[in-house]
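As structure tokens, the structure follows; a few thoughts come after it.
Residue numbers start from 1 in every chain, and the chains themselves are labelled A, B, ... in the order their sequence lines are given, proteins ahead of strands. These numbers were taken from a predicted model, which means no experiment stands behind them.
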Amino acid sequence: MDSKLYIYNTLTRKKELFKPINPPFVGLYACGPTVYGDAHLGHARQAVTFDVLFRFLSFLGYKVRYIRNITDVGHLESDADEGEDKIQKKARIEKLEPMEVVQYYMNRYHENMRQLNVLPPSIEPRATGHIIEQQQLIKKIIDAGYAYIVNGSVYFDVMKYDADHHYGKLSGRKIDDLLSNTRALEGQSEKKNPLDFALWKKADPAHIMHWPSEWSEGYPGWHVECSAMSTKYLGVEFDIHGGGMDLLFPHHECEIAQSVAGYGKDSVRYWMHNNMITINGQKMGRSLGNFITLDQLFAGNHEILEQSYDPMVVRLFILQAHYRSTLDFSNESLQASEKGLKRFIQAAEKLGKIQASGHSTLDPSTLGKKCLDAMNDDLNTPVLLAHLFEATKWINAISAGQETITTNDLDGLKKIFSSYLSAVLGISLTGQNKTGDNLAEELIRSILNLRTEAKNKQDFALADRIRNELNKLGITIKDGKDGVEWEI
RNA sequence: GGUCGGUUUGCCGAGUGGCUAGGCGCUGGUCUGCAAAACCAGUUACAGCGGUUCGAAUCCGCUACCGACCUCCA
């Protein structure tokens, strides 16, 4: 395994040569969603980013164990470890079991991932299924002296930890700065210090999800699940841990502290963080309420969407930017990606029909290396795509008879398309660019446009005929002052 | 306020001390009954001001603006 993959390590703020701890095995962990709402574009970016990493490592020949968790308990709504569990809140509002909420949104998440051609991870552990592992880790941290118990809750002692190690080394924070910036809730906190975070919380009587423990009937804190589950399946030390940049602090910082405190060493070799999707220059986020869900995107069902977008279009849109840059949502950009995808699909079709010749007028021999170099450079998917677009230009030229290619070179070209575009980037080129539903909608829309034209020409006989024909199919037409509406 | 990051051609978005990123759009062309589609060609920018350098969009400094994190968030 002699790869030259460089990845940007948030811990060192540098691109580093990737060396697995136990080649050819690679352990990869990425923070998945908290399932209390539909997945949005930001979740798609996280999932696609680490899916591509998973695919590329596998492509390079590594045996990758990819863990992507589902958070189904434990994240509270407000700061200072107070407030209501989000899943519980949803359950209370909708009169469901918390596990029903979890199952519902998890199913929908999986469906969205399938649509985006995101491969299932090797293991998808859930926090509620690893309460014991979390308790074991908490116990280790207590035994090591880095946690204290108050009224049945267990808190991580950040000051004590920082005295021995360095709390803030991932996010570049200093404990003094953090302290001067905490919005401390004076008085009622059980914590010794506002920076301390909960490892285990005693459940108040209204709390639905709780488990027995030696400290109290309660539930695990925000950050333990990832530390417990990653090390359970990947070992105390593993290769890569990823997630969104917004998890960098405090979530991942706390994970490091927990590992060092509990296991006596850092668990993670390479920390990777994908950047945010922005909308009008501002971060898209659940808490900001400015997000577009994937279902809305795929259906065109949101006021700022001019049309629906195929999941593959969304995937290509995401991959046309580097994962560490912010990516701004706009209809124009998505539409540009839609055209680009079409270009790839048509090139792939042509590629299957090209006849080889005695000699090549183009030299595709270096293309494979360029593609590999792009990916090796911290997963530079936009550059890889640029090379692949270059290849489509060649394919078009060969197809038009302007250039010729040998069987050998043709095979090479085909191989590059299938390995990089399909296998590594996960762009599916089946040509099923539109779902059946979207196609039907567009057919109806174009028929209605014909009718509008007829009406404009005073050809009411034709216009009425179209309406009657559609009526027979159960489609009702409603002429309004803002245009034609229809429903089935 | 602290920490970090960004400012690239009409839009999105890579990149690098000297050589065309790419996609979309636009313009022109090929094709075509017309149109569309498709294809081909053209479209050379790097916030401002200083500095380092033979040479900087690329390194350094300052200024302006934008954003992220510091509270749950992918």
Item checked: Watson-Crick/G-U partner (both atom distances under 3.5 Å) of B:rC65 -> B:rG6
Check: Which value, in whole Å, describes the distance between the P atoms of nucleotides B:rC62 and B:rU3?
Finding: 13 Å
Check: Can a donor-acceptor pair be found between the side chains of A:D51 and A:Y66 at a distance below 3.5 Å?
Finding: no
Check: Using a cut-off of 4.0 Å on non-hydrogen atoms, how would the nucleic acid contact of A:N396 be classed: base, sugar-phosphate, or nothing?
Finding: sugar-phosphate
Item checked: Pi-cation contact, A:Y233 with A:R65 (under 6.0 Å, within 45°) -> no
Item checked: Minimum-distance nucleotide to A:K342 side chain [options: B:rA37, B:rA74, B:rA14] -> B:rA37
Item checked: Min side-chain heavy-atom separation A:R269-A:L11 under 4.5 Å -> no
Margin query: Over all strands shown, is A:H273 touching base, sugar-phosphate only, or nothing at heavy-atom distances under 4.0 angstrom?
Written below: nothing
Margin query: Is the shortest side-chain heavy-atom distance between A:F317 and A:L327 below 4.5 Å?
Written below: yes
Notebook entry, point to check: Can you tell me how far P of B:rC40 sits from CG of A:L362, to the nearest Å?
Noted result: 12 Å
Check: Of all the nucleotides listed (B:rA38, B:rG67, B:rC24), which has the minimum atom distance to the side chain of A:Q282?
Finding: B:rG67
Check: On RNA chain B, nearest-nucleotide positions of A:L288 versus A:K393: which is more 5'?
Finding: A:K393
Check: For B:rU27, what is the paired nucleotide under Watson-Crick or G-U wobble rules, both distances under 3.5 Å?
Finding: B:rA41
Check: How far apart are the closest heavy atoms of A:V73 and A:P220, and which atoms are they?
Finding: CG1-CG, 4.4 Å
Next item on the list: Indicate, with a heavy-atom threshold strictly under 4.0 Å, whether A:K350 touches base, sugar-phosphate, or nothing.
Entry: sugar-phosphate
Notebook entry, point to check: Considering only B:rG23, B:rA74, B:rA68, which nucleotide approaches the side chain of A:F389 most closely?
Noted result: B:rG23
Next item on the list: May I ask which nucleotide in the shown strands pairs with B:rA21, Watson-Crick or G-U wobble, both distances under 3.5 Å?
Entry: none
Margin query: Rounded to whole Å, how long is the line connecting atom NZ of A:K353 with atom C1' of B:rA38?
Written below: 13 Å
Check: What nucleotide among B:rA74, B:rA37, B:rG22 has an atom nearest to a side-chain atom of A:A386?
Finding: B:rG22
Checklist line | Spacing between A:L425 atom CG and B:rA14 atom C1', to the nearest angstrom | finding: 15 Å
Note to self: With nearest nucleotide decided by heavy atoms, which residue, A:E390 or A:D246, maps closer to the 5′ end of RNA chain B?
What the structure shows: A:E390
Item checked: Length of the line joining A:N274:CG and B:rC73:P, which is rounded to integer Å -> 14 Å
Notebook entry, point to check: Just checking A:L41: base, sugar-phosphate only, or nothing, at a heavy-atom cut-off of under 4.0 Å?
Noted result: nothing
Notebook entry, point to check: Do the numbers put A:R68 on top of the ring of A:F50, so that NZ or CZ is under 6.0 Å from the six-membered ring centre and no more than 45° off the axis?
Noted result: no
Item checked: Under 3.5 Å side-chain donor-acceptor pair for A:Q103 and A:N107 -> yes
Item checked: Rounded distance (Å) that lies between atom C1' of B:rC12 and atom NZ of A:K339 -> 13 Å
Note to self: Taking any heavy-atom pair under 4.0 Å as a contact, classify A:G244: base, sugar-phosphate, or nothing.
What the structure shows: sugar-phosphate
Margin query: What is the distance, to the nearest angstrom, from the NE2 atom on A:H322 to the P atom on B:rA21?
Written below: 19 Å
Notebook entry, point to check: Whole Å only: how far is the CD atom of A:E332 from the P atom of B:rG25?
Noted result: 9 Å
Next item on the list: Classify the side chain of A:S333 and the base of B:rC12 as holding, or not holding, a donor-acceptor pair under 3.5 Å.
Entry: no
Item checked: Gap between atoms CG and P, on A:L327 and B:rG22 respectively (whole Å) -> 20 Å
Next item on the list: Would you indicate what A:L248 reaches in the nucleic acid, counting non-hydrogen atoms under 4.0 angstrom: base, sugar-phosphate, or nothing?
Entry: nothing
Next item on the list: Evaluate the criterion salt bridge (charged side-chain N to carboxylate O under 4.0 Å, His left out) for residue pair A:R108 and A:E111; output intermediate values, then yes/no.
Entry: CA-CA 5 Å; A:R108 290 169 71 83; A:E111 172 59 12; over 6 Å; no
Restricting both atoms to N or O, compile the protein contacts to nucleotides 2-6 of chain B shorter than 3.5 Å, with distance only.
| unit_1 | atom_1 | unit_2 | atom_2 | d |
| --- | --- | --- | --- | --- |
| B:rG2 | O2' | A:D177 | OD2 | 3.2 |

Next item on the list: Could you check whether A:Q335 gets within reach of a base, just the sugar-phosphate, or nothing at all, counting any heavy atom under 4.0 Å?
Entry: nothing
Margin query: Applying a 4.0 Å non-hydrogen cut-off, can you work out what A:M276 is touching in the nucleic acid: base, sugar-phosphate, or nothing?
Written below: base
Checklist line | Side-chain heavy atoms of A:F18 within contact of A:D239, under 4.5 Å | finding: yes
Check: Looking for any heavy atom pair under 4.0 Å, which part of the strands does A:S325 touch: base, sugar-phosphate only, or nothing?
Finding: sugar-phosphate
Check: When all nucleic acid strands are considered with a 4.0 Å heavy-atom cut-off, which category describes A:K283: base, sugar-phosphate, or nothing?
Finding: base
Next item on the list: Step by step, work out the salt bridge (charged side-chain N to carboxylate O under 4.0 Å, His left out) result for A:R286 and A:D246.
Entry: CA-CA 12 Å; A:R286 203 116 79 177; A:D246 48 355; over 6 Å; no
Note to self: Does A:A321 reach a base, just sugar-phosphate, or nothing at all? Heavy atoms under 4.0 Å.
What the structure shows: sugar-phosphate
Next item on the list: Check whether any side-chain N or O of A:R343 sits under 4.0 Å from OP1 or OP2 of B:rG22, and answer yes or no.
Entry: no
